[in-house]
Amino acid sequence: MSDRAIHMTASVLLGHPDEPLVEALPLLTMTVDRLPPGEAAARLRAFLTHLATTPLPRLAEHYVATFGPERRCCPCLTSYAYGDTRQRGMALLRFEHAFREAGFEPAGGEPPDHLAVICELSARGGVAQAGRLLREHRAAVETLHRALREERSPYADVVAAVLATLPPPSARERAAALRQAQEGPPEEQAGLEPYAAGEPR
């Protein structure tokens, strides 16, 4: 249950900052305070402190500057391995299958590999499916976390909280994350029309 609470909180915090997010701050704080002590709780608490002490316009500006189009901190996990290629389109089908298996239908309009959507899948009961997707794309989550840290973004804490719910990375996963960070995604543009970027989450 604690992983579901962590993922639920992360899903909300990875959304575009708006008035409903600010209004949800007391509930999010209560949820995090009920988590067992550990890295995930500490990381989420740090971000909630940032959220509570930063004006909403600055929060929104930072979100767009961090996750906007063409930014290196992309919350869509398959983009790190496949870029905007036909291979990514095929990879996204695994996410859709996992959603159907769990009886979950995302409502936000983001691609199915958006980290916030995967966390929402877990929060809504698809724990096994979300866990499988996160483990399969652990290198991408690690790459996103590394990029956020290098940008000195508070969102690094949210992604770190998600990583804390996963088993320790293998040597292969560490190597894959380093390779993705160094090489970047492929550049072919094809096959992603159904997943065109919409409004920020």
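What you see is a predicted model, and the numbers here were worked out from it, not measured in a lab. Atom set for the values below is all heavy atoms of this structure, side chains included, hydrogens, waters and symmetry mates excluded.
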Quick one, Thr78 with Arg88, criterion side chain to side chain donor-acceptor pair (under 3.5 Å). Give me CA distance, side-chain angles, the key distance, then yes/no.
CA-CA 6 Å; Thr78 63; Arg88 184 183 173 206; 2.7 Å; yes

Audit row: Glu120, Arg124, salt bridge (Lys or Arg N to Asp or Glu O under 4.0 Å) steps and yes/no
CA-CA 6 Å; Glu120 184 181 358; Arg124 294 189 181 276; 2.8 Å; yes

Asp3 and Thr165: side chain to side chain donor-acceptor pair (under 3.5 Å), yes or no, with the steps?
CA-CA 6 Å; Asp3 283 359; Thr165 67; 5.0 Å; no

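The two residues Ala161 and Ile6 make their nearest non-hydrogen contact at O-CG2, 3.8 Å. Contact record, Arg4 with Gly125: NH2-N, 3.7 Å, taken as the closest heavy-atom pair. The shortest heavy-atom contact between Tyr80 and Cys73 is OH-C, 3.8 Å. Across every non-hydrogen atom of Ser122 and His7, the tightest pair is OG-ND1, 2.7 Å. Across all their heavy atoms, Ala41 and Val32 have their closest contact at O-CG1, 3.6 Å. Nearest heavy atoms, Pro112 versus Leu92: CG-CD2, 4.0 Å.
Asp113 contributes atom CG, which lies 10.0 Å from atom CD of Glu96 (distance to the nearest 0.5 angstrom). Considering CZ of Phe104 and CD1 of Ile118, their distance stands at 10.0 Å, rounded to 0.5 Å. Rounding to the nearest 0.5 Å places SG of Cys119 at 11.0 Å from CE of Met8.
Note on residues 36-46: pairs passing salt bridge (charged side-chain N to carboxylate O under 4.0 Å, His left out), not counting sequence neighbours, are Asp33-Arg45, Glu39-Arg43, Arg43-Asp157. Residue pairs meeting the salt bridge (charged side-chain N to carboxylate O under 4.0 Å, His left out) criterion with at least one member in residues 11-31, sequence neighbours excluded, do not occur. The list of ring-ring contact (aromatic ring centres under 6.0 Å, His included) pairs with a residue in residues 131-153, not counting sequence neighbours, reads Phe95-His137.
Within a 6.0 Å sphere centred on CD of Glu101, heavy atoms belonging to other residues, nucleotides or ligands number more than 12.
Side-chain contact between Leu13 and Leu21 is present, with heavy atoms from C-beta onward closer than 4.5 Å. Side-chain contact between Glu136 and Arg94: present, with at least one pair of heavy atoms (C-beta onward) separated by less than 4.5 Å. By the 4.5 Å heavy-atom criterion applied to side chains, Leu144 and Cys74 are not counted as neighbours. Looking at Glu110 and Cys76, their side chains never come closer than 4.5 Å, going by heavy atoms from C-beta outward. Leu115 is listed as a side-chain neighbour of Leu134, based on a closest heavy-atom distance under 4.5 Å.
Grouping Ile, Leu, Val, Met, Phe, Trp and Tyr residues whose side-chain heavy atoms lie under 4.5 Å apart, directly or via other members, leaves Val127 alone, with no other cluster members.
A single hydrophobic cluster is not seen to contain both Leu48 and Leu27; linkage of ILVMFWY side chains at heavy-atom distances under 4.5 Å, directly or through other members, places them apart.
Under the rule for a side-chain hydrogen bond (donor to acceptor under 3.5 Å, both in side chains), Arg34 has no partner lying at least two apart in sequence or in another chain. For Arg58, the side chain to side chain contact (heavy atoms under 4.5 Å, CB included) partners at least two apart in sequence or on another chain are Thr54, Pro55.
Comment: Arg138 engages Glu142 in a salt bridge, judged by a side-chain N to carboxylate O separation of less than 4.0 angstrom. Look at Glu105 and Arg100 and you find no salt bridge, because none of the NZ, NE, NH1 or NH2 atoms lies under 4.0 Å from a carboxylate O.
In this structure, Ser11 contributes its side chain and Ala116 its backbone to a donor-acceptor pair below 3.5 Å. In this structure, the side chain of Thr29 engages the main chain of Leu25 through a donor-acceptor pair within 3.5 Å.
Relative ring orientation between Tyr155 and Phe47 is described as tilted, the plane-to-plane angle lying within the 30° to 60° band.
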